[in-house]
Amino acid sequence: MTERLIFHIDVNSAYLSWESVRRVENGESDLRLIPAVIGGDPKKRTGIVLAKSIPAKKYGVKTGEPMAIALRKCPELVSAPADFRLYDKCSKAFKEICRKYAPAMESFSIDEVFLDMTGTSGIYPDPEAVAADIKNEIKDKLGFTVNVGIGRNKLCAKMASDFEKPDKVHTLFPEEIPEKMWPLPVGDLFTVGKASAGKLMRAKIMTIGDLAHTDVKVLQKILGMKQGIHIYRYANGLDDDPVQEVPESAKGYSAETTVEENLEDLESINRMLLAQSDIVAARMRRDGVKCRCVAVSYRTVEFKNKSHQRKLLHATDVTAEIFETARELIRESWKGQPLRLIGLALTDLDDGEYEQLSLFEDRRKEKLRKLDQAMDSIRGKYGNASIQRASTMNTISKVGQKYQAQHENERKSEH
DNA sequence: CTCGGCATCCTAT
DNA sequence: CTAACGATAGGATGCCGAG
């Protein structure tokens, strides 16, 4: 099999479209028709733009920028808060329709899929026609629009879906690459972000066409060994990455929080880490995995990021154990600067059930594990997230203290 | 020299 | 005039010390 046929489908302004559909169903006005965004609380002047309407784009509002900037560009900007429950529902409905048409589908993000349409020419002789059918079925049944990109690989399909929006089908076949892709600025190429674009432009490499015609070795010198090759191949429309129906299992779990008021003392920081330990450890238990590495990360008010990590002697999914490690890590690393963000990441995952512990350790951990189980089941049975979190934090906090107290005793008895 | 461990940087939605 | 700013995840890279 040589020639593939790949579609990339992308929901136009996903969060904003989905919020708009809900409002229109409730007889409210359509945010897509006015300058509007999904984003943080504009009163607090915090948070960033997650999605924007096309009218908002005309004011220069950009995804990812702080709400304060967006509001300055467009004072009458309407904003709505994010609602991930709704997004999850819309995402599932969207993907269900896409799936019907394709032998294989890869769910790439909440609002994007790749379809491997290779070998469907019997049923669908015209790729652009079936793409239009998919797009229209989504619009008619669900009320929002998508872009469909068509190519011989994922990269070209993805680049094509990003061309003119909304509600469009575009192709990017090999013979169209010089005309449709090469004139674009380097930063438009998938995986060329701000930093790489800056380096390339300093080397007078301005367009994707320039990239395609630059010696790989030169690109490797500028961007590094891996990224150099990668970008060179992308710029020439080359990509072998298969459409993966089955997602790879997670490689890590993390939680991070930007706080309203700077964190200035260890107790407040530890309280955050405890809540985060609880959340990420519960997620690991739900998925039946354990971690061997714990990392804390933080951001100072000057936007300096730091992280500190440690391997564990054995894999764990026990909240109190993870929190204990996090507590040590932050104590070792934090020098007292005020923090605007604190985070916890668990990596080096392991789904094995085996664990060799001494009888002594085993007995100690058994209690902690039971507490985790009890709280997981409470979480499953009752209440919404905020209530859970408040009550869990209290309980866990006590567990953490007990755990610490036991450690104290062990250390003492060693001497 | 190679490898694991670690900190940092980069990119995506 | 400038800076202003999320959560989560995955990958690359450079450095260092051990074997």
Side-chain angles (χ1 to χ4, degrees), chain A residues 8 10-16 37-42 44-52 61-73 81-82 84 87-88 91 107-114 154-155 158-159 161-162 186-200 220-231 234 241 244 247-260 272 276 279-280 283 292-313 329 332-333 340-349:
Chain A
H8 178 254
D10 194 336
V11 178
N12 302 128
S13 313
Y15 294 174
L16 188 115
V37 297
I38 301 298
D41 185 344
K44 286 185 188 157
R45 295 287 189 276
T46 124
I48 58 165
V49 173
L50 294 172
K52 61 189 184 298
V61 171
K62 296 200 190 99
T63 302
E65 77 186 353
M67 284 296 293
I69 301 182
L71 279 165
R72 235 189 41 181
K73 291 176 176 173
F84 287 94
Y87 305 158
D88 196 52
S91 175
S107 182
F108 189 66
S109 75
I110 193 164
D111 72 329
E112 287 175 75
V113 298
F114 286 101
K154 286 163 77 173
L155 184 270
K158 180 144 176 60
M159 293 301 293
S161 71
D162 209 33
V186 286
D188 281 12
L189 188 61
F190 183 57
T191 73
V192 176
K194 229 177 85 154
S196 300
K199 289 178 197 168
L200 291 167
Q220 286 179 309
K221 195 141 223 167
I222 299 171
L223 299 175
M225 288 304 289
K226 298 264 189 177
Q227 187 71 342
I229 293 239
H230 207 237
I231 292 312
Y234 272 10
D241 194 32
Q244 281 227 257
E248 307 228 338
S249 55
K251 300 213 165 44
Y253 293 78
S254 68
E256 60 180 40
T257 315
T258 299
V259 289
E260 297 266 330
M272 297 294 302
Q276 292 172 336
I279 289 163
V280 287
R283 283 170 54 204
R292 244 189 263 281
C293 186
V294 176
V296 295
S297 60
Y298 55 87
R299 178 175 299 159
T300 67
V301 289
E302 295 90 11
F303 267 79
K304 285 259 186 272
N305 299 316
K306 277 228 176 277
S307 67
H308 188 37
Q309 68 181 54
R310 173 169 304 145
K311 294 271 282 183
L312 305 174
L313 293 174
L329 287 166
E332 290 165 7
S333 170
R340 78 185 326 271
L341 173 148
I342 181 86
L344 176 68
L346 307 179
T347 56
D348 205 345
L349 303 183

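Computed from a predicted structure; not experimentally measured. Residue numbering restarts at 1 for every chain, and letters A, B, ... go by the order of the sequence lines.
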Visitor: How close or far is atom P of dG10(C) from atom CZ of F108(A), stated in whole angstroms?
Guide: 12 Å
Visitor: When the P atoms of dA4(C) and dT13(B) are considered, how many whole Å apart are they?
Guide: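 Per the computed distance, 23 Å lies between those P atoms.
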Visitor: Take the angle between the ring planes of F84(A) and Y87(A) and call it parallel below 30°, perpendicular above 60°, tilted in between.
Guide: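 F84(A) vs Y87(A) ring planes: perpendicular.
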Visitor: When the distance from CD1 of I69(A) to C1' of dC5(C) is rounded to whole Å, what number comes out?
Guide: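 Computing the I69(A):CD1 to dC5(C):C1' distance gives 8 Å.
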Visitor: I need the CD-C1' distance between E65(A) and dA4(C), as an integer number of Å.
Guide: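 After rounding, the gap between these two atoms is 10 Å.
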Visitor: Go along nucleotides 12-19 of chain C 5' to 3' and tag each nucleotide: B for a protein heavy atom under 4.0 Å from its base, S when only backbone or sugar atoms are that close, - otherwise.
Guide: SS------
Visitor: List in chain and number order the residues that pass side chain to side chain donor-acceptor pair (under 3.5 Å) with D188(A), two or more places apart in sequence or in another chain; answer none if no residue qualifies.
Guide: none
Visitor: What's T63(A) touching, base or sugar-phosphate or nothing? Going by heavy atoms closer than 4.0 Å.
Guide: nothing
Visitor: What pairs with H308(A) under side chain to side chain contact (heavy atoms under 4.5 Å, CB included), at least two apart in sequence or on another chain?
Guide: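 In terms of side chain to side chain contact (heavy atoms under 4.5 Å, CB included), with neighbours along the sequence ignored, H308(A) is linked to V296(A), R310(A), L329(A), E332(A), S333(A).
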Visitor: Using a cut-off of 4.0 Å on non-hydrogen atoms, how would the nucleic acid contact of E112(A) be classed: base, sugar-phosphate, or nothing?
Guide: sugar-phosphate
Visitor: What nucleic acid atoms does K158(A) come within less than 4.0 Å of, heavy atoms only: base, sugar-phosphate, or nothing?
Guide: sugar-phosphate
Visitor: Distance-only criterion, 3.5 Å: show the donor-acceptor pairs between side-chain atoms of residues 61-71 of chain A and protein atoms not counting sequence neighbours.
Guide:
| unit_1 | atom_1 | unit_2 | atom_2 | d |
| --- | --- | --- | --- | --- |
| T63(A) | OG1 | K52(A) | NZ | 3.1 |
| E65(A) | OE1 | K73(A) | NZ | 3.0 |
| E65(A) | OE2 | K62(A) | N | 3.0 |

Visitor: Select from R72(A) and F84(A) the residue whose nearest nucleotide in DNA chain C is closer to the 5' end of that strand.
Guide: R72(A)
Visitor: What contact category does R299(A) fall into here, base, sugar-phosphate, or nothing, at under 4.0 angstrom with non-hydrogen atoms?
Guide: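 Nothing: the residue R299(A), judged by heavy atoms under 4.0 Å, touches no strand.
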Visitor: Nearest whole Å is fine: how far is dC5(C) C1' from K73(A) NZ?
Guide: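 Nearest whole value for this atom pair: 13 Å.
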Visitor: Under a 4.0 Å heavy-atom cut-off, which of residues 247-256 of chain A touch DNA chain C?
Guide: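 Correct list: A250(A), K251(A), G252(A), Y253(A), S254(A), A255(A), E256(A).
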Visitor: Rounded to whole angstrom units, what separation is found between the CD1 atom of I342(A) and the P atom of dA7(C)?
Guide: 12 Å
Visitor: Backbone N or O of T347(A) within a donor-acceptor pair of the Q309(A) side chain at under 3.5 Å?
Guide: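 The answer is no, because no donor-acceptor pair under 3.5 Å joins these two groups.
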Visitor: Please name all residues satisfying side chain to side chain donor-acceptor pair (under 3.5 Å) with R299(A), sequence neighbours left out, ordered by chain then number.
Guide: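 For R299(A), the residues satisfying side chain to side chain donor-acceptor pair (under 3.5 Å) (neighbours in sequence not counted) are N305(A).
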Visitor: What residues, two or more places apart in sequence or in another chain, satisfy side chain to side chain donor-acceptor pair (under 3.5 Å) together with Y253(A)?
Guide: D287(A)
Visitor: Reading DNA chain B 5' to 3', which nucleotide is the first, and which the last, to come under 4.0 Å of any heavy atom in chain A?
Guide: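 Result: dG5(B) to dT13(B).
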Visitor: Got a sec, which residues hit salt bridge (charged side-chain N to carboxylate O under 4.0 Å, His left out) with K221(A), two or more places apart in sequence or on another chain?
Guide: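 K221(A): no salt bridge (charged side-chain N to carboxylate O under 4.0 Å, His left out) contacts found.
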Visitor: Measure OH/Y298(A) against P/dA7(C) and give the value in whole Å, please.
Guide: 18 Å
Visitor: Evaluate the criterion side-chain hydrogen bond (donor to acceptor under 3.5 Å, both in side chains) for residue pair T257(A) and Q276(A); output intermediate values, then yes/no.
Guide: CA-CA 9 Å; T257(A) 315; Q276(A) 292 172 336; 2.8 Å; yes
Visitor: Which residues satisfy the side chain to side chain donor-acceptor pair (under 3.5 Å) test with S307(A), sequence neighbours excluded?
Guide: none
Visitor: Can you name the ring-ring contact (aromatic ring centres under 6.0 Å, His included) partners of F108(A), sequence neighbours left out?
Guide: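 F114(A).
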Visitor: Please give, in whole Å, the distance from dC5(C) P to M67(A) CE?
Guide: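 Computing the M67(A):CE to dC5(C):P distance gives 13 Å.
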Visitor: Just to verify, what does K311(A) make a salt bridge (charged side-chain N to carboxylate O under 4.0 Å, His left out) with, not counting sequence neighbours?
Guide: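 In terms of salt bridge (charged side-chain N to carboxylate O under 4.0 Å, His left out), with neighbours along the sequence ignored, K311(A) is linked to D348(A).
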